[in-house]
Amino acid sequence: MHLALGSKDFYNRGVKKYILRNQPKQAALDTFRQAYQSSLNEQQFQVATAPDGPALVIAGAGSGKTRTLIYRLAWLVHRGVPPESILLLTFTRRAAHEMLKRAAQLLDERCQRVSGGTFHSVAAAILRRYGKALGLAPSFTILDRSDAEDVIQLLRGEMGFSEKGKRFPKKGTLSDLFSKVQNRLLTLDEVVEQEYPHFTDQIELIRSLFTRYQKYKTDRHLVDYDDLLVDLYALLSEHRPIRDALAEQYRHLLVDEYQDTNKIQGEIVRLLGRDGRVMAVGDDAQSIYSFRGADFQNILRFPNYFPGTELYKLEENYRSMQAILDLANAVIAESARQYPKHLFTRKEGGMKPALVRAQDESEQSRFVAQKILELREEGIPLSEIAVLFRSSFHSFDLEIELARCNLPFEKRGGFKLTETAHVKDLMSHLRILVNPSDAVSWNRLLLLIPGIGPRTGQKMIAKVQQEGREALRGFARGPQAEAISRLLDMLAQAERSDSLTDRIEQAMEYYLPLMKNKYDDYPKRTKDLEHLLVIAERYRTLDRFLSDLALEPEESIIDVAGADSDKEKLVLSTIHSAKGLEWRVVFLIWALDGYFPSIYTFTDEAELDEERRLMYVAITRTKEQIYLSYPIRIFHRTSRAFLSKPSRFIESVPEEILELWMLSEEN
DNA sequence: GAGACCGACGTTTTT
DNA sequence: CGTCGGTCTC
C-alpha cells in the first residue's frame with residue numbers, strides 16, 4: 001500500500017530522494033520496535049510507525065492519543081526525517097510544546113526542532129514571512145475578539161445604522177456572523193439565511209458593513225483571528241510558488257484534535273499536505289467547537305480529501321476505571337456517532353459515579369468543598385482533583401466557598417487577563433510602536449485622555465495616519481496638548497529603548513495615572529500589570545510578545561502562575577478548557593437540565609448533540625472518581641421556569657451505573 | 001463634543 | 001450584575 005501511494009507523488013520529487021529516504025526503513029523499524037514496542041500497544045505501534053501516506057487515527061478518550069503522537073514524532077525523526085520538515089498542528093500551543101518536550105526526552109533533542117503550534121500561530125508565522133504577496137505588512141497587528149468588535153462598532157456607528165426603530169444586529173452578533181462566513185467558507189447570504197433569518201431584510205447593510213470592515217483592516221494592517229486562516233488559505237491557493245515552498249518545507253503534517261478543525265482549516269491541511277503525508281488524529285465523539293465553526297464532518301470527509309487513507313483506531317482506554325467508562329458510554333450511546341468504536345479498559349471496577357442532589361447552589365458548593373477536604377485527608381493531592389462546569393460563571397459561588405476553606409485553586413477558561421480593560425489599555429501603547437497604523441489601539445489610548453472623546457479621537461487618528469504621530473503636537477489644544485505631549489515623549493523614549501521590559505515600564509509610567517483616574521480598584525489592576533511585566537521577561541522582542549499574547553491569551557499566564565507557586569492547586573475549569581487533560585477525581589457541577597444542556601439549545605438537535613459530547617468529554621477526564629452535582633429549584637429568569645431535574649444526558653442512566661446521593665447537613 | 005446618568009436587557013464555550 | 005444605547009447637561 002505504501003509503495004503504491006508513494007509512487008504517485010514521487011514523480012514530482014525525483015526518484016533518488018525517495019529511495020534515499022526510505023532505504024534504511026526496515027532497519028530503522030527493527031531498532032525502533034526493539035526500543036519502544038513494550039511502551040505501546042499494537043494499535044498504537046502501528047500508528048506510530050505508519051507509512052507516509054495519508055492516515056486518519058480515530059482515538060477514543062484516554063486511549064493514549066498524545067502518547068502515540070509523541071512516538072510518531074520520535075519515529076519520524078529516528079527514521080531520518082529532518083525535524084524541521086515536520087509540522088505539528090495542535091489545539092493549543094501548550095499541547096505542542098508538551099509533545100515536543102516529551103518526544104525529545106524519548107528520543108533526543110532533535111525533536112525540539114519540529115515545527116509546531118496552533119493553526120493560528122502557524123498561520124501568523126507564515127504570513128509574517130510571505131504575507132507580502134497578499135499586500136500584508138510583516139508588522140501586522142492581530143486583533144482579538146474584542147478588538148475586532150471595537151472596529152465593527154466604530155464602522156457601525158459611522159454608517160449611521162443606529163437609526164431609530166430599525167433593529168440592526170449588535171457588534172457581537174455581527175462579529176459572529178462575519179466569523180462564520182470566513183470559517184465555513186460560506187457566503188454572507190448563506191450564513192444570514194441559515195443562522196440569522198430575522199436579519200434578512202437588512203442583508204444589504206450587513207454586506208456593506210462587512211466589506212468596509214475588511215477594507216478597514218487591510219488598510220491598517222490589522223488581522224483578526226479568521227483572517228489569519230483566510231489569508232493563509234489565500235496564500236496557499238493563489239500563490240503556487242509559495243505553496244510549493246511550504247509543501248517542500250513541511251513534508252510531514254501531524255494534525256491533532258482534527259474533529260475540532262473548521263472548514264477552512266480542513267482546506268489548509270489539504271493544500272499543505274497535497275503529497276498525502278498527513279496524519280490526522282481525533283475523535284468525532286469529542287467534537288465540541290462547532291460554535292466557532294468547527295465541523296466534525298471534516299474528520300468524516302478526510303478519506304475523501306486524501307484518497308488511499310489508512311484508518312486506524314485506538315480503542316483501549318488507559319485512563320478510566322470501568323465504572324467511569326460505563327457512565328461515559330451510557331451518555332454517548334444516544335449520540336449519532338459516525339465512526340463506531342468500542343472503548344474498553346482493563347481497569348476493572350472503581351467507585352460508582354455519584355449523582356448528588358443539592359437543595360440550592362450554596363449547598364452544592366459546600367458539598368464540593370467538603371468532599372475535597374476529605375479527599376485530601378485520604379491522601380489525594382489537590383493537583384489530582386478538578387471541578388468542571390459548562391460555563392465560566394458557574395463556579396463563582398464555589399470560588400468563594402473554596403477561599404473560605406483555604407483551598408487553593410487555579411481557574412481556567414472564561415475571562416482572560418489579557419482581555420481586561422486595563423491590560424488592553426497598556427498593550428495598546430505598545431502595539432502602536434510595532435504597527436503605527438493600528439487604529440484600534442490609537443483609538444483606545446487616545447480616549448483615555450480626559451477631554452478626548454470619539455470625535456476628537458477619530459480626527460486625531462486620521463491626522464496620525466496621514467502625517468505621522470508627531471503631527472498631533474500641533475493638533476491638540478488646551479489641557480489636552482500637555483497630555484498629548486507626554487504621550488509622544490513616552491513613545492519616542494520607548495522607541496529608543498531596546499529592552500522590552502524597559503518599554504513596558506515606560507508605558508506603565510505614563511498609563512498608571514490615567515488608570516487611577518479611570519478605575520477605583522486600581523491597586524488590584526496595578527498588580528495585573530506588574531504580572532504582565534513578569535511574563536514579558538521571557539520574551540526578546542516586542543512583536544513576538546504581542547503576537548503571543550493575542551494568540552494564546554491565557555496560556556502565557558498560566559505558565560507563569562504555575563512556575564511561581566509550587567503550592568498544590570486544585571483546578572477549576574470550563575469543560576472546553578479541560579480538553580485533553582485528566583484527573584483522579586472530577587466534580588462536574590451544575591449538571592442541571594437547563595444549565596447543562598443550556599435551555600437555549602433545547603430546540604436545536606445539533607446543538608443538543610454537541611452539549612451531549614461536551615458531557616462525554618467532562619466524564620472521560622476522570623480516572624477514578626466522579627461526582628456530578630446539581631442544585632434544585634433554580635429559577636431561570638428569561639424563560640421564567642424552575643429547573644430541578646438533573647441533566648437529560650444522565651437522567652435515564654440506570655442506578656447500577658450512576659448512584660444517587662442525598663445530602664444531609666451535619667454541621 | 002465630552003461625559004454623566006437612566007432605563008432596558010440578557011447564552012455559553014475559544015483561537 | 002454589568003453592559004448597552006439613548007438622553008441630558010455642561
Side-chain angles (χ1 to χ4, degrees), chain A residues 89-96 117-124 142-149 153 156-157 161-165 167-168 170-173 175-176 179 182-183 223-229 257 260-262 264-265 287-294 388-394 396 412-416 418-419 421 446-447 449-459 477-480 517-518 547-555 573-579 590 594-604 607 610-611 613-615 617-618 636-640:
Chain A
L89 291 166
T90 54
F91 206 68
T92 62
R93 189 173 314 159
R94 185 171 47 183
T118 62
F119 273 92
H120 291 86
S121 67
V122 167
I142 299 168
L143 302 181
D144 69 14
R145 164 94 196 197
S146 80
D147 295 330
E149 287 185 358
Q153 183 72 346
R156 189 178 182 269
F161 288 155
S162 324
E163 290 166 47
K164 281 178 203 163
R167 201 181 308 133
F168 194 72
K170 303 229 170 83
K171 62 178 182 184
T173 314
S175 167
D176 272 349
S179 186
Q182 307 256 60
N183 276 322
V223 168
D224 67 21
Y225 286 147
D226 302 317
D227 293 331
L228 286 171
L229 303 178
E257 308 281 13
D260 283 323
T261 55
N262 57 38
I264 193 156
Q265 289 168 327
S287 156
I288 54 175
Y289 277 94
S290 75
F291 70 89
R292 76 172 205 214
L388 306 182
F389 32 86
R390 172 70 184 87
S391 313
S392 191
F393 74 91
H394 289 170
F396 287 169
R412 295 185 189 167
F415 224 65
K416 314 278 159 41
T418 43
E419 286 165 356
L446 287 174
L447 291 190
I449 299 170
I452 300 182
R455 268 329 210 317
T456 317
Q458 281 313 302
K459 281 185 200 158
R477 306 240 169 270
Q480 283 95 291
N517 201 26
K518 195 174 164 194
S547 227
D548 274 15
L549 281 195
L551 288 169
E552 304 263 334
E554 94 203 282
E555 285 195 44
S573 175
T574 59
I575 301 170
H576 284 91
S577 298
K579 188 173 180 182
W590 285 106
Y595 268 61
F596 190 4
S598 154
I599 202 160
Y600 303 100
T601 62
F602 283 4
T603 52
D604 187 316
E607 283 182 42
E610 175 144 321
E611 298 273 305
R613 292 192 297 268
L614 198 55
M615 175 74 83
V617 169
H636 192 268
R637 263 199 293 152
T638 331
S639 59
R640 317 188 76 243

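Each chain gets a letter, A, B and so on, in the order the sequences are listed, and its residues count up from 1. Keep in mind that the numbers below use all heavy atoms, side chains included, and drop hydrogens, waters and symmetry copies. Just so you know, these numbers come straight off a predicted model, no measurement behind them.
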Could you check how far [atom1] of [X] sits from [atom2] of [N], rounded to whole Å?
X        : N      : atom1 : atom2 : value
A:Lys579 : B:dT15 : NZ    : P     : 10 Å
A:Glu419 : B:dT14 : CD    : C1'   : 9 Å
A:Leu388 : B:dT13 : CG    : P     : 14 Å
A:Leu143 : B:dT15 : CG    : C1'   : 13 Å
A:Ile264 : B:dT15 : CD1   : P     : 18 Å
A:Phe91  : B:dT13 : CZ    : P     : 15 Å
A:Glu552 : B:dT15 : CD    : P     : 6 Å
A:Asp147 : B:dT15 : CG    : P     : 15 Å

Check: Among A:Asp224, A:Asp226, A:Asp176, whose salt bridge (Lys or Arg N to Asp or Glu O under 4.0 Å) with A:Arg145 holds?
Finding: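 Going through A:Asp224, A:Asp226, A:Asp176 one by one, the salt bridge (Lys or Arg N to Asp or Glu O under 4.0 Å) with A:Arg145 is satisfied by A:Asp176 alone.
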
Notebook entry, point to check: Does A:Thr92 make a side-chain N or O approach to OP1 or OP2 of B:dT15 shorter than 4.0 Å?
Noted result: no

Note to self: Which residues pass the side-chain contact (heavy atoms from CB on, under 4.5 Å) test with A:Ser146, not counting sequence neighbours?
What the structure shows: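 So A:Ser146 forms a side-chain contact (heavy atoms from CB on, under 4.5 Å) with A:Asp144, A:Lys424.
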
Item checked: Of the listed nucleotides B:dT14, C:dC4, B:dT15, the one nearest the side chain of A:Ser577 -> B:dT14

Item checked: A:Arg156 side-chain proximity, nearest of B:dT15, B:dT13, C:dG5 ->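 So the nucleotide nearest the side chain must be C:dG5.
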
Taking C-beta and beyond as the side chain, do [X] and [Y] meet within less than 4.5 Å on heavy atoms?
X        : Y        : result
A:Glu552 : A:Thr92  : yes
A:Trp590 : A:Arg390 : no
A:Leu143 : A:Tyr225 : no
A:Gln182 : A:Ile264 : no

Next item on the list: Mind checking salt bridge (charged side-chain N to carboxylate O under 4.0 Å, His left out) for A:Arg613 and listing every partner two or more places apart, or none if nothing turns up?
Entry: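 For A:Arg613 the salt bridge (charged side-chain N to carboxylate O under 4.0 Å, His left out) partners, ignoring immediate neighbours, are A:Asp609, A:Glu610.
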
Next item on the list: Could you tell me which residues satisfy salt bridge (charged side-chain N to carboxylate O under 4.0 Å, His left out) with A:Lys171, sequence neighbours excluded, listed by chain and number?
Entry: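 Once residues adjacent in sequence are excluded, A:Lys171 has no partner under the salt bridge (charged side-chain N to carboxylate O under 4.0 Å, His left out) criterion.
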
Pairs: protein N or O with nucleotides 1-3 of chain B N or O, under 3.5 Å:
| unit_1 | atom_1 | unit_2 | atom_2 | d |
| --- | --- | --- | --- | --- |
| B:dG1 | OP1 | A:Lys459 | NZ | 3.1 |
| B:dG1 | OP2 | A:Arg455 | NH1 | 3.3 |
| B:dA2 | OP1 | A:Gly453 | N | 2.7 |
| B:dA2 | OP1 | A:Gly453 | O | 3.3 |
| B:dA2 | OP1 | A:Thr456 | N | 3.1 |
| B:dA2 | OP1 | A:Thr456 | OG1 | 2.4 |
| B:dA2 | OP2 | A:Pro454 | N | 3.4 |
| B:dA2 | OP2 | A:Arg455 | N | 3.2 |
| B:dA2 | O5' | A:Gly453 | N | 3.3 |
| B:dG3 | OP1 | A:Gly451 | N | 2.8 |

Item checked: Under 4.0 Å protein heavy-atom contact, by nucleotide of nucleotides 4-12 of chain B - B base, S sugar-phosphate only -> ------BBB

Margin query: I'd like to know if the side chain of A:Ser121 pairs up with that of A:Thr118 as donor and acceptor (distance under 3.5 Å, no hydrogens or angles considered).
Written below: yes

Could you check whether [X] gets within reach of a base, just the sugar-phosphate, or nothing at all, counting any heavy atom under 4.0 Å?
X        : answer
A:Gln153 : sugar-phosphate
A:Lys171 : sugar-phosphate
A:Tyr289 : sugar-phosphate

Checklist line | Validation row, ring centre A:Phe291 to ring centre A:Tyr289 under 6.0 Å | finding: yes

Quick one: which protein N/O atoms are closer than 3.5 Å to N/O atoms of nucleotides 8-10 of chain C? Pair and distance per line, please.
none

Notebook entry, point to check: If you round to the nearest 0.5 Å, how far is CD of A:Gln265 from NE2 of A:His120?
Noted result: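 Here the rounded value is 6.0 Å.
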
